[in-house]
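Here the structure comes first, spelled out in C-alpha coordinates, and everything after it is commentary.
First the proteins, then the strands, lettered A, B, ... as listed; each starts at 1.
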Number of protein chains: 2
Amino acid sequence: MSNTLSKCLPALTECFREYGYEGTSLARITAATGLGKGSLYNAFPEGKDQMLAVVLEEITLWFETQVFAPLQLADEPVAGIMEMFDATSAYFKSGKRACLMGTLSATQCRDRFANHIKSYFFQWQQVLTDTLIRAGWENSQAKFFAEEILASIQGALTLSRALDDPAIFDRTIERLRHRLTE
Amino acid sequence: MSNTLSKCLPALTECFREYGYEGTSLARITAATGLGKGSLYNAFPEGKDQMLAVVLEEITLWFETQVFAPLQLADEPVAGIMEMFDATSAYFKSGKRACLMGTLSATQCRDRFANHIKSYFFQWQQVLTDTLIRAGWENSQAKFFAEEILASIQGALTLSRALDDPAIFDRTIERLRHRLTE
DNA sequence: GTCTATAAAGCGATAGAC
DNA sequence: GTCTATCGCTTTATAGAC
(Lines give C-alpha, C1' and ligand atoms only; values in the text may rest on other atoms or scores of the structure.)
Protein backbone atom coordinates (compact mmCIF):
# COMPACT_ATOMS: atom_id res chain seq x y z
CA MET A 1 0.00 0.00 0.00
CA SER A 2 1.35 3.44 -0.92
CA ASN A 3 2.62 5.78 1.74
CA THR A 4 0.08 8.51 0.98
CA LEU A 5 -2.79 6.09 1.09
CA SER A 6 -1.88 4.46 4.38
CA LYS A 7 -1.19 7.81 6.02
CA CYS A 8 -4.61 9.24 5.19
CA LEU A 9 -6.57 6.06 5.92
CA PRO A 10 -7.30 6.68 9.63
CA ALA A 11 -8.64 10.19 8.98
CA LEU A 12 -10.65 8.88 6.03
CA THR A 13 -12.12 6.13 8.17
CA GLU A 14 -13.15 8.55 10.89
CA CYS A 15 -14.81 10.76 8.27
CA PHE A 16 -17.05 7.96 6.96
CA ARG A 17 -17.74 6.79 10.50
CA GLU A 18 -18.74 10.26 11.69
CA TYR A 19 -20.71 11.47 8.68
CA GLY A 20 -21.78 8.32 6.83
CA TYR A 21 -21.31 7.77 3.11
CA GLU A 22 -23.61 10.52 1.81
CA GLY A 23 -22.53 13.01 4.45
CA THR A 24 -18.84 12.61 3.65
CA SER A 25 -17.96 15.10 0.91
CA LEU A 26 -14.58 15.37 -0.77
CA ALA A 27 -14.24 18.81 0.78
CA ARG A 28 -14.64 17.22 4.21
CA ILE A 29 -12.12 14.52 3.35
CA THR A 30 -9.66 17.19 2.25
CA ALA A 31 -10.17 19.03 5.53
CA ALA A 32 -9.66 15.83 7.55
CA THR A 33 -6.70 14.39 5.66
CA GLY A 34 -4.98 17.55 4.41
CA LEU A 35 -4.95 16.08 0.89
CA GLY A 36 -6.41 17.92 -2.11
CA LYS A 37 -8.58 16.31 -4.75
CA GLY A 38 -5.57 15.69 -6.97
CA SER A 39 -3.86 13.58 -4.33
CA LEU A 40 -7.05 11.79 -3.40
CA TYR A 41 -7.83 10.80 -6.98
CA ASN A 42 -4.22 9.75 -7.47
CA ALA A 43 -4.57 7.35 -4.54
CA PHE A 44 -8.17 6.33 -5.33
CA PRO A 45 -8.69 6.50 -9.13
CA GLU A 46 -12.28 5.21 -8.83
CA GLY A 47 -13.28 8.00 -6.47
CA LYS A 48 -15.39 8.05 -3.34
CA ASP A 49 -16.76 4.53 -3.71
CA GLN A 50 -13.26 3.15 -3.75
CA MET A 51 -12.30 5.24 -0.72
CA LEU A 52 -15.05 3.65 1.34
CA ALA A 53 -14.34 0.20 -0.10
CA VAL A 54 -10.68 0.44 0.98
CA VAL A 55 -11.73 1.70 4.41
CA LEU A 56 -14.09 -1.27 4.84
CA GLU A 57 -11.38 -3.72 3.77
CA GLU A 58 -9.00 -2.14 6.27
CA ILE A 59 -11.56 -2.46 9.07
CA THR A 60 -12.20 -6.10 8.23
CA LEU A 61 -8.47 -6.79 8.11
CA TRP A 62 -8.02 -5.17 11.50
CA PHE A 63 -10.75 -7.33 13.05
CA GLU A 64 -9.38 -10.46 11.37
CA THR A 65 -5.91 -9.98 12.80
CA GLN A 66 -6.76 -8.31 16.12
CA VAL A 67 -10.00 -10.03 17.10
CA PHE A 68 -10.96 -13.07 15.00
CA ALA A 69 -7.55 -14.77 14.77
CA PRO A 70 -6.71 -14.43 18.49
CA LEU A 71 -10.17 -15.80 19.25
CA GLN A 72 -9.65 -18.77 16.92
CA LEU A 73 -6.20 -19.49 18.34
CA ALA A 74 -6.97 -18.96 22.02
CA ASP A 75 -5.99 -21.91 24.18
CA GLU A 76 -8.64 -21.04 26.70
CA PRO A 77 -11.89 -20.26 24.81
CA VAL A 78 -13.60 -18.33 27.62
CA ALA A 79 -10.50 -16.22 28.24
CA GLY A 80 -10.28 -15.62 24.49
CA ILE A 81 -13.84 -14.30 24.39
CA MET A 82 -13.08 -12.05 27.35
CA GLU A 83 -10.18 -10.60 25.36
CA MET A 84 -12.56 -10.12 22.45
CA PHE A 85 -14.73 -7.99 24.76
CA ASP A 86 -11.64 -6.02 25.81
CA ALA A 87 -10.62 -5.37 22.20
CA THR A 88 -14.19 -4.50 21.15
CA SER A 89 -14.67 -2.11 24.03
CA ALA A 90 -11.36 -0.40 23.26
CA TYR A 91 -12.10 -0.24 19.53
CA PHE A 92 -15.50 1.40 19.99
CA LYS A 93 -14.14 3.63 22.75
CA SER A 94 -16.74 2.39 25.23
CA GLY A 95 -19.62 3.27 22.94
CA LYS A 96 -18.49 6.76 21.98
CA ARG A 97 -17.44 5.54 18.54
CA ALA A 98 -20.01 4.25 16.05
CA CYS A 99 -19.63 1.02 14.07
CA LEU A 100 -19.25 1.95 10.40
CA MET A 101 -20.48 -1.46 9.24
CA GLY A 102 -23.60 -1.05 11.37
CA THR A 103 -24.13 2.53 10.27
CA LEU A 104 -23.98 1.59 6.59
CA SER A 105 -26.46 -1.22 7.14
CA ALA A 106 -29.23 1.19 8.01
CA THR A 107 -29.59 3.09 4.76
CA GLN A 108 -29.80 2.42 1.04
CA CYS A 109 -26.06 2.46 0.25
CA ARG A 110 -25.90 -0.80 2.22
CA ASP A 111 -26.62 -2.57 -1.07
CA ARG A 112 -23.49 -1.22 -2.73
CA PHE A 113 -21.25 -2.49 0.08
CA ALA A 114 -23.31 -5.51 1.08
CA ASN A 115 -20.47 -7.95 0.54
CA HIS A 116 -18.11 -6.10 2.86
CA ILE A 117 -20.78 -5.74 5.52
CA LYS A 118 -22.01 -9.32 5.36
CA SER A 119 -18.50 -10.73 5.42
CA TYR A 120 -17.58 -8.72 8.51
CA PHE A 121 -20.54 -9.84 10.63
CA PHE A 122 -20.56 -13.38 9.21
CA GLN A 123 -16.90 -13.96 10.07
CA TRP A 124 -17.36 -12.53 13.54
CA GLN A 125 -20.39 -14.69 14.27
CA GLN A 126 -18.72 -17.81 12.89
CA VAL A 127 -15.48 -17.55 14.86
CA LEU A 128 -17.41 -16.64 18.00
CA THR A 129 -19.72 -19.62 17.52
CA ASP A 130 -16.73 -21.96 17.09
CA THR A 131 -15.13 -20.61 20.24
CA LEU A 132 -18.33 -21.01 22.26
CA ILE A 133 -18.55 -24.62 21.07
CA ARG A 134 -14.96 -25.15 22.18
CA ALA A 135 -16.03 -23.71 25.53
CA GLY A 136 -18.61 -26.46 25.81
CA TRP A 137 -21.74 -24.88 24.39
CA GLU A 138 -24.13 -26.98 22.34
CA ASN A 139 -23.92 -26.18 18.60
CA SER A 140 -27.15 -24.30 17.98
CA GLN A 141 -27.06 -22.64 21.40
CA ALA A 142 -23.58 -21.37 20.55
CA LYS A 143 -24.76 -19.98 17.22
CA PHE A 144 -27.67 -18.13 18.81
CA PHE A 145 -25.60 -16.79 21.70
CA ALA A 146 -23.02 -15.49 19.22
CA GLU A 147 -25.86 -13.82 17.32
CA GLU A 148 -27.13 -12.34 20.57
CA ILE A 149 -23.68 -11.00 21.48
CA LEU A 150 -23.22 -9.26 18.12
CA ALA A 151 -26.71 -7.78 18.23
CA SER A 152 -26.20 -6.62 21.81
CA ILE A 153 -22.97 -4.85 20.89
CA GLN A 154 -24.60 -3.11 17.93
CA GLY A 155 -27.67 -2.15 19.93
CA ALA A 156 -25.57 -0.86 22.81
CA LEU A 157 -23.63 1.33 20.40
CA THR A 158 -26.86 2.74 18.98
CA LEU A 159 -28.49 3.34 22.36
CA SER A 160 -25.34 4.80 23.93
CA ARG A 161 -25.06 7.32 21.13
CA ALA A 162 -28.79 8.05 21.05
CA LEU A 163 -28.95 8.78 24.78
CA ASP A 164 -25.40 10.16 24.85
CA ASP A 165 -24.50 7.80 27.68
CA PRO A 166 -21.41 5.55 27.25
CA ALA A 167 -22.29 3.72 30.47
CA ILE A 168 -24.98 1.87 28.52
CA PHE A 169 -22.30 0.28 26.35
CA ASP A 170 -20.12 -0.61 29.33
CA ARG A 171 -23.03 -2.21 31.19
CA THR A 172 -23.95 -4.23 28.11
CA ILE A 173 -20.44 -5.64 27.78
CA GLU A 174 -20.40 -6.48 31.49
CA ARG A 175 -23.73 -8.28 31.18
CA LEU A 176 -22.39 -10.32 28.27
CA ARG A 177 -19.23 -11.21 30.24
CA HIS A 178 -21.41 -12.37 33.11
CA ARG A 179 -23.64 -14.47 30.85
CA LEU A 180 -20.52 -16.21 29.56
CA THR A 181 -19.37 -17.39 32.96
CA GLU A 182 -22.62 -18.23 34.75
CA MET B 1 -52.37 19.64 10.35
CA SER B 2 -53.01 20.56 6.74
CA ASN B 3 -54.33 18.01 4.29
CA THR B 4 -51.32 18.16 1.99
CA LEU B 5 -48.91 17.72 4.84
CA SER B 6 -50.62 14.72 6.40
CA LYS B 7 -51.04 13.03 3.04
CA CYS B 8 -47.35 13.20 2.16
CA LEU B 9 -46.06 12.33 5.64
CA PRO B 10 -45.90 8.53 5.26
CA ALA B 11 -43.92 8.74 1.99
CA LEU B 12 -41.68 11.40 3.51
CA THR B 13 -41.02 9.20 6.53
CA GLU B 14 -40.11 6.22 4.39
CA CYS B 15 -37.73 8.41 2.39
CA PHE B 16 -35.75 9.49 5.46
CA ARG B 17 -35.84 5.96 6.85
CA GLU B 18 -34.54 4.42 3.63
CA TYR B 19 -31.93 7.00 2.64
CA GLY B 20 -31.04 8.84 5.86
CA TYR B 21 -30.97 12.60 6.21
CA GLU B 22 -28.10 13.36 3.81
CA GLY B 23 -29.23 10.80 1.27
CA THR B 24 -32.75 12.20 1.05
CA SER B 25 -32.78 14.91 -1.63
CA LEU B 26 -35.74 17.08 -2.49
CA ALA B 27 -35.81 15.42 -5.91
CA ARG B 28 -36.23 12.05 -4.17
CA ILE B 29 -38.96 13.46 -1.94
CA THR B 30 -40.75 14.80 -5.00
CA ALA B 31 -40.54 11.36 -6.62
CA ALA B 32 -41.86 9.65 -3.46
CA THR B 33 -44.64 12.08 -2.58
CA GLY B 34 -45.62 13.40 -6.00
CA LEU B 35 -45.28 16.96 -4.69
CA GLY B 36 -43.09 19.57 -6.37
CA LYS B 37 -40.77 21.92 -4.54
CA GLY B 38 -43.41 24.64 -4.48
CA SER B 39 -45.84 22.43 -2.57
CA LEU B 40 -43.14 21.11 -0.27
CA TYR B 41 -41.91 24.56 0.71
CA ASN B 42 -45.49 25.69 1.14
CA ALA B 43 -46.03 22.90 3.68
CA PHE B 44 -42.54 23.13 5.24
CA PRO B 45 -41.34 26.77 5.00
CA GLU B 46 -38.11 25.97 6.86
CA GLY B 47 -37.11 23.31 4.36
CA LYS B 48 -35.60 19.87 4.77
CA ASP B 49 -34.75 20.23 8.45
CA GLN B 50 -38.37 20.94 9.25
CA MET B 51 -39.49 17.98 7.13
CA LEU B 52 -37.40 15.60 9.22
CA ALA B 53 -38.40 17.34 12.47
CA VAL B 54 -42.09 16.87 11.67
CA VAL B 55 -41.45 13.23 10.71
CA LEU B 56 -39.69 12.60 14.04
CA GLU B 57 -42.53 14.24 15.97
CA GLU B 58 -45.01 12.05 14.12
CA ILE B 59 -43.03 8.90 14.94
CA THR B 60 -42.82 9.84 18.62
CA LEU B 61 -46.55 10.60 18.67
CA TRP B 62 -47.29 7.21 17.12
CA PHE B 63 -45.24 5.38 19.75
CA GLU B 64 -46.76 7.44 22.55
CA THR B 65 -50.31 6.54 21.57
CA GLN B 66 -49.78 3.03 20.17
CA VAL B 67 -47.04 1.66 22.44
CA PHE B 68 -46.24 3.75 25.52
CA ALA B 69 -49.77 4.62 26.62
CA PRO B 70 -51.14 1.06 26.28
CA LEU B 71 -48.12 -0.17 28.23
CA GLN B 72 -48.70 2.40 30.98
CA LEU B 73 -52.41 1.58 31.18
CA ALA B 74 -52.16 -2.20 30.93
CA ASP B 75 -53.94 -4.00 33.74
CA GLU B 76 -51.61 -6.97 33.39
CA PRO B 77 -48.02 -5.65 33.09
CA VAL B 78 -46.51 -8.80 31.56
CA ALA B 79 -49.32 -9.05 29.01
CA GLY B 80 -48.83 -5.36 28.25
CA ILE B 81 -45.14 -5.89 27.50
CA MET B 82 -46.03 -8.82 25.27
CA GLU B 83 -48.30 -6.50 23.31
CA MET B 84 -45.43 -4.02 23.12
CA PHE B 85 -43.36 -6.75 21.44
CA ASP B 86 -46.24 -7.43 19.03
CA ALA B 87 -46.54 -3.75 18.11
CA THR B 88 -42.77 -3.31 17.79
CA SER B 89 -42.38 -6.37 15.61
CA ALA B 90 -45.22 -5.20 13.36
CA TYR B 91 -43.89 -1.64 13.20
CA PHE B 92 -40.39 -2.73 12.14
CA LYS B 93 -41.83 -5.38 9.80
CA SER B 94 -39.89 -8.15 11.55
CA GLY B 95 -36.57 -6.38 11.08
CA LYS B 96 -36.98 -5.48 7.41
CA ARG B 97 -37.64 -1.83 8.33
CA ALA B 98 -34.92 0.28 9.94
CA CYS B 99 -35.46 2.50 12.99
CA LEU B 100 -35.08 6.11 11.88
CA MET B 101 -34.22 7.26 15.41
CA GLY B 102 -31.46 4.66 15.59
CA THR B 103 -30.22 5.45 12.10
CA LEU B 104 -29.90 9.14 12.88
CA SER B 105 -28.01 8.37 16.09
CA ALA B 106 -25.07 6.95 14.19
CA THR B 107 -23.93 9.99 12.25
CA GLN B 108 -23.20 13.65 12.82
CA CYS B 109 -26.71 15.00 12.15
CA ARG B 110 -27.68 13.29 15.41
CA ASP B 111 -26.71 16.53 17.16
CA ARG B 112 -29.27 18.58 15.25
CA PHE B 113 -32.11 16.24 16.23
CA ALA B 114 -30.74 15.11 19.58
CA ASN B 115 -33.80 16.25 21.52
CA HIS B 116 -36.20 14.21 19.39
CA ILE B 117 -33.98 11.14 19.56
CA LYS B 118 -33.30 11.31 23.29
CA SER B 119 -36.96 11.90 24.10
CA TYR B 120 -38.04 8.86 22.08
CA PHE B 121 -35.70 6.39 23.74
CA PHE B 122 -35.97 7.98 27.18
CA GLN B 123 -39.76 7.73 27.19
CA TRP B 124 -39.67 4.16 25.97
CA GLN B 125 -37.17 3.09 28.63
CA GLN B 126 -39.06 4.91 31.36
CA VAL B 127 -42.49 3.46 30.65
CA LEU B 128 -40.99 0.00 30.18
CA THR B 129 -39.11 0.28 33.48
CA ASP B 130 -42.31 1.32 35.28
CA THR B 131 -44.18 -1.62 33.80
CA LEU B 132 -41.45 -4.09 34.79
CA ILE B 133 -41.60 -2.74 38.35
CA ARG B 134 -45.37 -3.25 38.34
CA ALA B 135 -44.64 -6.81 37.19
CA GLY B 136 -42.59 -7.32 40.35
CA TRP B 137 -39.06 -6.48 39.23
CA GLU B 138 -36.74 -4.71 41.61
CA ASN B 139 -36.20 -1.03 40.66
CA SER B 140 -32.66 -1.04 39.30
CA GLN B 141 -33.03 -4.49 37.75
CA ALA B 142 -36.10 -3.18 35.93
CA LYS B 143 -34.20 -0.16 34.63
CA PHE B 144 -31.34 -2.31 33.32
CA PHE B 145 -33.62 -4.91 31.77
CA ALA B 146 -35.53 -2.13 29.98
CA GLU B 147 -32.20 -0.81 28.74
CA GLU B 148 -31.26 -4.30 27.58
CA ILE B 149 -34.57 -4.74 25.75
CA LEU B 150 -34.20 -1.46 23.85
CA ALA B 151 -30.59 -2.19 22.94
CA SER B 152 -31.49 -5.72 21.84
CA ILE B 153 -34.22 -4.40 19.54
CA GLN B 154 -31.88 -1.84 17.99
CA GLY B 155 -29.07 -4.34 17.61
CA ALA B 156 -31.38 -6.94 16.10
CA LEU B 157 -32.54 -4.38 13.54
CA THR B 158 -28.94 -3.57 12.62
CA LEU B 159 -27.80 -7.19 12.41
CA SER B 160 -30.91 -8.33 10.52
CA ARG B 161 -30.33 -5.69 7.87
CA ALA B 162 -26.57 -6.23 7.78
CA LEU B 163 -26.90 -9.97 7.20
CA ASP B 164 -30.15 -9.58 5.26
CA ASP B 165 -31.86 -12.08 7.54
CA PRO B 166 -35.14 -11.05 9.24
CA ALA B 167 -35.10 -14.25 11.29
CA ILE B 168 -32.46 -12.63 13.50
CA PHE B 169 -34.96 -9.98 14.55
CA ASP B 170 -37.71 -12.54 15.18
CA ARG B 171 -35.42 -14.73 17.30
CA THR B 172 -34.34 -11.70 19.34
CA ILE B 173 -37.92 -10.76 20.13
CA GLU B 174 -38.69 -14.36 21.08
CA ARG B 175 -35.67 -14.48 23.41
CA LEU B 176 -36.84 -11.28 25.10
CA ARG B 177 -40.36 -12.67 25.53
CA HIS B 178 -38.88 -15.77 27.11
CA ARG B 179 -36.66 -13.77 29.47
CA LEU B 180 -39.75 -11.91 30.63
CA THR B 181 -41.61 -15.02 31.75
CA GLU B 182 -38.85 -17.22 33.13
C1' DG C 1 -51.91 24.93 -3.26
C1' DT C 2 -49.15 23.65 -7.19
C1' DC C 3 -46.33 24.44 -10.89
C1' DT C 4 -42.00 26.07 -13.70
C1' DA C 5 -37.97 28.75 -13.90
C1' DT C 6 -34.06 30.13 -11.78
C1' DA C 7 -30.57 31.38 -8.53
C1' DA C 8 -26.40 30.37 -5.73
C1' DA C 9 -23.74 27.02 -3.70
C1' DG C 10 -21.84 22.46 -3.34
C1' DC C 11 -21.10 18.00 -5.34
C1' DG C 12 -17.92 14.28 -7.58
C1' DA C 13 -14.70 14.06 -10.99
C1' DT C 14 -11.10 15.58 -14.57
C1' DA C 15 -7.16 18.17 -16.78
C1' DG C 16 -2.95 19.97 -16.74
C1' DA C 17 0.90 22.62 -14.59
C1' DC C 18 4.59 21.82 -11.47
C1' DG D 1 2.59 13.15 -5.72
C1' DT D 2 0.28 17.51 -5.09
C1' DC D 3 -1.80 21.52 -6.45
C1' DT D 4 -5.27 24.82 -8.87
C1' DA D 5 -8.69 25.55 -12.17
C1' DT D 6 -12.51 23.96 -14.19
C1' DC D 7 -16.38 21.04 -15.97
C1' DG D 8 -21.05 19.31 -15.68
C1' DC D 9 -24.33 18.15 -12.63
C1' DT D 10 -27.11 18.18 -8.35
C1' DT D 11 -28.20 20.38 -4.28
C1' DT D 12 -31.33 23.49 -1.32
C1' DA D 13 -34.01 27.26 -1.67
C1' DT D 14 -36.64 31.24 -3.81
C1' DA D 15 -39.70 33.89 -7.09
C1' DG D 16 -43.51 34.42 -9.51
C1' DA D 17 -47.22 32.74 -12.68
C1' DC D 18 -51.50 30.30 -12.42
Subject >> Pairs involving residues 112-127 of chain A, ordered by first then second residue, that meet salt bridge (Lys or Arg N to Asp or Glu O under 4.0 Å) (sequence neighbours left out) >> reply: A:D49-A:R112
Subject >> Summary of ring-ring contact (aromatic ring centres under 6.0 Å, His included) pairs that have at least one residue in residues 139-166 of chain A, sequence neighbours excluded >> reply: A:W137-A:F145
Original post:
According to the ring-ring contact (aromatic ring centres under 6.0 Å, His included) rule, which pairs have a member within residues 21-61 of chain B, sequence neighbours left out?
Top reply: B:Y21-B:F113
Subject >> DNA chain D contacts among residues 36-43 of chain B, heavy-atom distance under 4.0 Å >> reply: B:K37, B:Y41
Subject >> salt bridge (charged side-chain N to carboxylate O under 4.0 Å, His left out) against B:E22, all qualifying residues, sequence neighbours excluded >> reply: none
Original post:
Do A:S160 and A:D165 have side-chain atoms, one donor and one acceptor, less than 3.5 Å apart?
Top reply: no
**OP:** Mind checking side chain to side chain contact (heavy atoms under 4.5 Å, CB included) for A:L71 and listing every partner two or more places apart, or none if nothing turns up?
**Re:** A:I81, A:M84, A:V127, A:L128, A:T131
Subject >> Which residues share a side chain to side chain contact (heavy atoms under 4.5 Å, CB included) with A:K7, sequence neighbours left out >> reply: A:N3
**OP:** Please list all pairs passing the side chain to side chain donor-acceptor pair (under 3.5 Å) test where one or both residues lie in residues 62-77 of chain B, with sequence neighbours left out.
**Re:** B:E64-B:Q123
Subject >> Along DNA chain C, first and last positions that approach a heavy atom of chain A under 4.0 Å >> reply: C:dC11 to C:dT14
**OP:** Name all residues meeting the side chain to side chain contact (heavy atoms under 4.5 Å, CB included) criterion together with A:A162; count only those two or more places apart in sequence or in a different chain, and write none if there are none.
**Re:** B:S105, B:I117, B:F121
**OP:** Taking side chain to side chain contact (heavy atoms under 4.5 Å, CB included) as the test, write out the residues that go with B:A69, two or more places apart.
**Re:** none
Original post:
Over how many whole Å does the gap from B:F44 atom CZ to D:dT14 atom P extend?
Top reply: 15 Å
Original post:
If you find the nucleotide of DNA chain C closest to A:R28 and the one closest to A:P45, which residue's nucleotide is nearer the 5' end?
Top reply: A:R28
Original post:
Under a 4.0 Å heavy-atom cut-off, which of residues 10-25 of chain A touch DNA chain C?
Top reply: A:T24, A:S25
